[in-house]
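Take a look at the structure below.
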Amino acid sequence: MKPSIGIVVDGSCCPNPGAMEWQGVCLASGKKLFRYGPIRNGTNNVAEFLAIVHALSISDILTIYTDSSTAMAWVRNGEGKAPATASETVKDLVRRANVKLQTLNDSYRRLRYWDKIRWGENPADFGRK
RNA sequence: ACAU
DNA sequence: CGATGT
Ligand SMILES: [Mn+2]
Ligand SMILES: [Mn+2]
């Protein structure tokens with residue numbers, strides 16, 4: 001069944017690498033809960049990762065949905081990765097998200113893949129594709 | 001080949 | 001068509 005409770009997140013980067021943004025939407029209300037960026041010299045995967053960690057940090061109980069298997073793997077592993085070529089600003093965002101992630105014990109258990117084949121486009125999508 |  | 005990632 002298509003989820004109707006939780007927070008769905010998405011990241012965008014135009015171009016990739018380039019200006020990254022990330023946001024989250026409440027599934028129950030359809031309301032946007034947060035939106036950050038644009039930040040230069042980001043990547044798609046860093047944006048997806050920042051979106052997940054922020055969503056986990058604003059709710060202790062809600063399930064978080066993402067369409068990024070890369071960012072899911074980083075959360076499961078407890079560490080997001082900034083490309084060596086990333087700016088200091090982007091590296092710092094990833095460092096700070098990694099520190100935050102340490103405080104969110106077992107948060108990966110609340111993270112699920114948003115299956116667009118079954119459920120359609122991620123409601124937090126930026127609509128740029 | 002799968003996900004962005 | 002190009003890039004980011006497992
Ligand atoms: Mn996405
Ligand atoms: Mn999207």
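The sequence lines fix the lettering, A, B, ..., with proteins before strands; numbering per chain opens at 1.
The side chain of A:Lys81 lies closest to C:dT6, out of B:U4, C:dT4, C:dT6. The A:Pro17 side chain lies nearest to C:dA3 when the options are C:dA3, B:U4, C:dG5. Closest to the side chain of A:Lys116, out of C:dT6, B:U4, C:dA3, is B:U4.
The distance from atom CG of A:Asp10 to atom P of B:U4 is 9 Å, rounded to the nearest whole Å. Across the protein-nucleic acid pair, A:Lys129 atom NZ and C:dT4 atom C1' stand 14 Å apart, rounded to whole Å. In this structure, the CH2 atom of A:Trp74 is 11 Å from the C1' atom of B:U4, given to the nearest Å. Rounded to whole Å, atom C1' of C:dT4 lies 16 Å from atom CH2 of A:Trp22. The separation between A:Glu79 atom CD and C:dG5 atom P is 13 Å, rounded to whole Å. A:Met72 places its CE atom 11 Å from the C1' atom of B:A3, with the value rounded to the nearest Å. Here the P atom of nucleotide B:C2 and the CG atom of A:Asp67 are 17 Å apart, to the nearest Å. In this structure, the CD1 atom of A:Ile117 is 13 Å from the C1' atom of B:U4, given to the nearest Å.
Side chain A:Asn44 to base B:U4: a donor-acceptor pair is found below 3.5 Å.
Within the 4.0 angstrom heavy-atom criterion, no nucleotide atom of any strand lies near A:Pro15.
Hydrophobic cluster membership is shared by A:Met72 and A:Leu104, with clusters built from Ile, Leu, Val, Met, Phe, Trp and Tyr side chains linked at under 4.5 angstrom.
A distance of 11.5 Å separates CG of A:Asn122 from CG of A:Asp115, quoted to the nearest 0.5 Å. Taking NZ of A:Lys91 as the start and CG of A:Asn98 as the end, the distance is 13.5 Å to the nearest 0.5 Å.
Within the 3.5 Å criterion, the main-chain N or O of A:Cys26 finds no donor-acceptor partner in the side chain of A:Lys31. Side-chain N or O atoms of A:Glu21 include none that pairs as donor or acceptor with a backbone N or O of A:Arg35 at under 3.5 Å.
Using a 4.0 Å cut-off, no side-chain N or O of A:Ser69 falls inside it from OP1 or OP2 of C:dG5. When the side-chain nitrogen and oxygen atoms of A:Tyr113 are compared with OP1 and OP2 of B:C2, none of them lie within a distance under 4.0 Å.
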